Amino acid sequence: MMNVANKVILITGASSGIGEATARVLAKNGAIVMLGARRTERLEAIVSNIKDSGGQAAYRQLDVTNAQQMKEFVSFAKHNFGRIDVMFNNAGIMPLSPMRALKTDEWNNIVDINIKGVLNGIAAVLPIMEQQGSGHIINTASTGAQAIAPLCTVYCASKYAVRAISEGLRQETDKLRVTVLSPGVTTTELGHDITDETAAGLLMQFRDTSLNVEAVANAVLYAISQPDNVDVNELVIRTVASHGHSF
């Protein structure tokens, strides 16, 4: 598609799910993709496969909660590819539970990864993009940023924050494009770390009508491929069959 070829696109949470699928779709359309995640063995395999298919890709280990690692991830991309066109802050976790369970360690992890991880990504690329005079920041929120469901309270709060951060950033700049991506329940590893049985059952129920990762990846491709003066601010994506619930 137009306006994607040779763009340098950084993706966090790229070792599986939406991040991996997006890396493959963008590389297939001519983008240069830089993948970051904690599981380097997965990243190495994905990058190798992309290269074998004729694409351009690189990777670096990344814990999005570590601001210094994020800076090094971005610097590595800038040094190797000369610029940064898109930052896709995609990493996130979803350990759902009722508030009364008081899983405060899980609450803190949600805040650290889903909110602070996005802020770390923005902080690392914003000076570079402003110096370039252009750039595109895409943040993964959720339909949980549109509505709250029981057992999802802290997760939804984190995604409301991502939506607010994205909209605030958009209003503060006339140089950068900012997109908040809000997919409904998607078939990924997200939620594998749920320790509450009731919440795990709820997620299984939601996944009866879940999106596949390629649908979300194609939405990212759509946002990036618009003309440079067109900013797709928000994309909410659900399956047709999900009409009976907010997610």
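Here the structure is a predicted model, which is why all the values come from computation and not from measurement.
Cluster membership for Leu102 and Ile93, using ILVMFWY side-chain heavy atoms within less than 4.5 angstrom, is shared. Note: the hydrophobic cluster containing Ile18 does not contain Val236 (ILVMFWY, side chain heavy atoms under 4.5 Å, direct or indirect links).
With rounding to the nearest 0.5 Å, the separation of OG in Ser182 from CZ in Arg238 is 8.5 Å. In this structure, the separation between CE on Met70 and OG on Ser75 is 11.5 Å, given to the nearest 0.5 Å.
Scanning both residues, Ile46 and Arg24, for their nearest heavy atoms gives CG1-NH2, 3.8 Å. Shortest non-hydrogen contact noted between Gly121 and Asn89 is CA-OD1, 3.4 Å. Minimum interatomic distance between Asn29 and Val4 (heavy atoms only, all atoms of both residues): O-CG1, 4.0 Å. In terms of heavy atoms, Val232 sits closest to Thr179 at O-OG1, 2.6 Å. Counting all heavy atoms, side chain and backbone alike, Ala23 lies closest to Leu35 at CB-CD1, 3.9 Å. The two residues Ser158 and Asn114 have their closest heavy-atom pair at OG-ND2, 3.1 Å.
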TODO: Show the numbers, then the answer: is there a side chain to side chain donor-acceptor pair (under 3.5 Å) between Thr65 and Asp112?
DONE: CA-CA 6 Å; Thr65 68; Asp112 287 344; over 6 Å; no
Open item on the list: Quick one, Val33 with Gln56, criterion side chain to side chain contact (heavy atoms under 4.5 Å, CB included). Give me CA distance, side-chain angles, the key distance, then yes/no.
Closed with: CA-CA 6 Å; Val33 292; Gln56 300 181 74; over 6 Å; no
Task: Verdict with reasoning, Glu167 to Arg163, per salt bridge (Lys or Arg N to Asp or Glu O under 4.0 Å) - done: CA-CA 6 Å; Glu167 175 59 13; Arg163 191 178 178 206; over 6 Å; no
Open item on the list: side chain to side chain contact (heavy atoms under 4.5 Å, CB included), that's the test. Do Met34 and Phe76 meet it? Break it down for me.
Closed with: CA-CA 9 Å; Met34 175 76 191; Phe76 181 87; 3.1 Å; yes
Open item on the list: One pair to check against side chain to side chain contact (heavy atoms under 4.5 Å, CB included): Phe81 and Lys7. What are the steps and the verdict?
Closed with: CA-CA 10 Å; Phe81 303 117; Lys7 282 194 170 182; over 6 Å; no
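Between the Asp85 side chain and the Val8 main chain, a donor and an acceptor come within less than 3.5 Å of each other. Remark: side-chain polar atoms of Gln132 are paired, donor with acceptor, to backbone N or O of Ile84 under 3.5 angstrom. Not a single donor-acceptor pair under 3.5 Å links the side chain of Ser53 to the backbone N or O of Gly55. In this structure, the side chain of Ser225 engages the main chain of Leu221 through a donor-acceptor pair within 3.5 Å. A distance-only check finds no donor-acceptor pair linking the side chain of Thr22 to the backbone of Gly19 [under 3.5 Å]. The main-chain N or O of Arg38 is found under 3.5 Å from a side-chain atom of Gln61 such that the two form a donor-acceptor pair. Although no hydrogens or angles enter the test, the distance criterion places a donor-acceptor pair under 3.5 Å between the side chain of Thr12 and the main chain of Ala91. No donor-acceptor pair under 3.5 Å is formed between the side chain of Lys71 and the backbone N or O of Ala67.
Side-chain N/O atoms of Ser134 and Arg177 include no donor and acceptor closer than 3.5 Å. Thr140 and Asn90 are linked by a side-chain donor-acceptor pair at a separation below 3.5 angstrom, with hydrogens and angles left out of the test. Glu234 and Gln146 are linked by a side-chain donor-acceptor pair at a separation below 3.5 angstrom, with hydrogens and angles left out of the test.
A salt bridge is absent between Asp105 and Lys103; no separation between the charged side-chain nitrogens and carboxylate oxygens falls under 4.0 Å. Ion pairing between Arg42 and Glu20 holds under the 4.0 Å rule for side-chain N and carboxylate O.
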